[in-house]
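Each remark here refers to the structure printed beneath this line.
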Amino acid sequence: MALTQARTMPGVLELLPLDQVAFQAMLDAIRRNFERFGFLPIETPVMEYSNVLLTKQGGETERQVYFVQSTGALQAAREGEVPELALRFDLTVPLARYVAEHEHELAFPFRRYQMQRVYRGERAQRGRFREFYQCDIDVIGKDGLSVRYDAELPAVIYNVFRDLDIGPFTIQLNNRKLMRGFLERLGLSDAERQGAVLREVDKLDKRGLDAVRNTLTGDGFGIDAAAVAQLLDFVGFRSRSLAEALARLDVLGGGNAALEQGREELAEVLTLIRAFGVPESHYALNLSIARGLDYYTGTVYETTLNDHPQIGSICSGGRYENLASHYTKSKLPGVGISIGATRLYWQLREAGLLKAAHSTVQALVAQMDEAELPRYLELATELRAAGINTEAVVEPGKLARQFKYADRAGIRFVLVLGPDEIAKGTVTVKDLRKQDQFEVTRNELAATLRVEIEQAAVMPSR
RNA sequence: GUGGACGUAGCUCAGCUGGUUAGAGUACUGGAUUGUGAUUCCAGUUGUCGUGGGUUCGAGUCCCAUCGUCCACCCCA
């Protein structure tokens, strides 16, 4: 019989168990910090009604969305009709729907976190996925929302990445109003054109100064060289300290309301971030950060690893003035930030920044003598009661095989209980990671293992 | 969505201008005497050379098609 090739579609990340443990540890760290800052969990369905999801017709999102159709509906559907359901492509649009739907049951400011998979029908490439986890936090206000929240989110992000222990990183900030005001002062007032210019400026780090200058002065944009020079000089700024950032904002000069407001907001946010406990070394003003998404209206964020700029942004977000205008007449401003956990994990693994993964199974009770199986099971039960994740070997086999199994499965401790140990009332503990073994009495066993495990948790070995 | 490269064991690849039964490393399996993995030594298994057609005495190698994968752009986590 012909076999079907077992395979997954491109652009999905499927992990072996030990890698999955590492990935979940990452999610745990993210969740822990989200909760520590007082964010509440929600989950929304992977599928939404197409008309809810695709409120703004056309454009990138529609090109990338996966449609879903039940078999019955598929047959009934007429040619060219949009299927009734679609997979969510981010968590922000479902959040908007959720807030509009439950508006009268929620407490505002509504602080929620959400860690779920989203789907994008992109052509898969290195580090780009069709199915991936997003870990989002947003604060949604009713009618208004203080800009102070814009300073709180970087504090959460700082704590997350510090916990993940992946090396030095910088949260980079900018403000859309400031950019809009500046472009207006240069004579660029058309919103669409401004967006295109900002997207181009955003590529500064990737394409280089000359390429961006040529594009902006070229036929497509046709901006005069003097204005482009002014613009590039402006966006080239990166602060190295809070004082430097504030000084730069001071000398910007005024000219219009948007620029003034952007300046004030940025100054307040930058100053408050410090008060929220983020060291100055971990955030900066970067006037080239623009974010492509056009729903951002104020503060925008991007986070990068200092030693691995090629990885790009590992966490992005910003301020939006009206989250759910498509679903409710209420004005719901918000600020949010998103960690692409799947890409982050993948990039960290590629860059060799992940610590060695260990099994969630902490101890394996070996089977020396099949007749003693009840004794082994009893030992395992005892360890589990003491909070140690324990597996007992239930099939008879050579001891060497059992050790090999433990090694491959990433289990750290193998417990040997043979005739000698039974006679003495002890257990032999082999620590596969330390390549060492010792003997303890049976009543000391659980406590001894716990000490070893806790030490490893404090100082993880690689 | 637009443009470009590449498809040979599970993985990484070699295979010179077409020439015998298609190779290496790694992985995997077994063994190296009685209760010890990873390291070392020995032995072994693994392939419709992506698929279909064509040229040729002869195709992994050349040509065409097709499918698949990857890369760049677009966009983004």
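Since this is a predicted model, take the numbers as computed values, not measurements. Hydrogens, waters and symmetry mates play no part in the numbers below; they use all other heavy atoms, side chains included. In what follows, chains carry the letters A, B, and so on, assigned in the order in which the sequence lines appear, proteins first and then strands, with residues in each chain numbered from 1.
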Exercise for the section: Taking the six-membered ring for Trp and the single ring otherwise, decide whether the centroids of A:Phe182 and A:Phe234 are under 6.0 Å apart. Expected result: yes
Exercise for the section: Applying salt bridge (charged side-chain N to carboxylate O under 4.0 Å, His left out), name anything that partners A:Asp136, two or more places apart in sequence or on another chain. Expected result: none
Practice task
Applying salt bridge (charged side-chain N to carboxylate O under 4.0 Å, His left out), name anything that partners A:Lys434, two or more places apart in sequence or on another chain.
Solution key: A:Glu452
Practice task
Quick one, give me the B/S/- string for nucleotides 30-43 of chain B, reading 5' to 3', where B means a protein heavy atom under 4.0 Å from the base and S means that only happens at the primed atoms, P, OP1 or OP2.
Solution key: SS---BBBB-----
Problem - Verdict with supporting geometry, A:Tyr283 and A:Thr303, side-chain contact (heavy atoms from CB on, under 4.5 Å) - result: CA-CA 9 Å; A:Tyr283 71 101; A:Thr303 305; over 6 Å; no
Work out how far the [atom1] atom of [N] is from that of [M], and round it to whole angstrom.
| N | M | atom1 | value |
| --- | --- | --- | --- |
| B:U34 | B:U39 | C1' | 23 Å |
| B:C73 | B:G10 | C1' | 34 Å |
| B:G25 | B:G18 | C1' | 27 Å |
| B:C16 | B:G23 | C1' | 15 Å |

Rounded to whole Å, please give me the gap between [atom1] in [X] and [atom2] in [N].
| X | N | atom1 | atom2 | value |
| --- | --- | --- | --- | --- |
| A:Glu131 | B:A77 | CD | C1' | 14 Å |
| A:Leu198 | B:C74 | CG | P | 15 Å |
| A:Leu344 | B:A77 | CG | P | 14 Å |
| A:Arg130 | B:C70 | CZ | C1' | 12 Å |
| A:Phe129 | B:U69 | CZ | P | 15 Å |

Practice task
Please step through side chain to side chain donor-acceptor pair (under 3.5 Å) for the pair A:Asn306 and A:Thr170, ending with a clear verdict.
Solution key: CA-CA 7 Å; A:Asn306 299 2; A:Thr170 306; 2.7 Å; yes
Completion exercise
Between A:Gln367 and A:Gln402, the two heavy atoms sitting closest are N-OE1, 2.6 Å
Problem - A:Arg120 (side chain) and B:C76 (base): donor-acceptor pair under 3.5 Å - result: no
Exercise for the section: Name all pairs fulfilling the ring pair (Phe, Tyr, Trp, His ring centres under 6.0 Å) condition that reach into residues 17-55 of chain A, sequence neighbours left out, sorted by first residue then second. Expected result: A:Phe23-A:Tyr133, A:Phe23-A:Tyr345, A:Phe34-A:Tyr113
Exercise for the section: Would you mind classifying the nucleic acid contact of A:Thr342 as base, sugar-phosphate or nothing, using non-hydrogen atoms under 4.0 angstrom? Expected result: nothing
Practice task
Go through RNA chain B and write down every stem, that is, every run of at least three consecutive Watson-Crick or G-U wobble pairs with distances under 3.5 Å, as range with range.
Solution key: B:1-7 with B:67-73, B:10-13 with B:23-26, B:28-32 with B:40-44, B:50-54 with B:62-66
Handout entry: Pairwise salt bridge (charged side-chain N to carboxylate O under 4.0 Å, His left out) hits with a residue in residues 368-382 of chain A, at least two apart
Key = A:Glu372-A:Arg375, A:Glu382-A:Arg442
Problem - Test: A:Glu131 and A:Arg117 ion pair at under 4.0 Å - result: yes
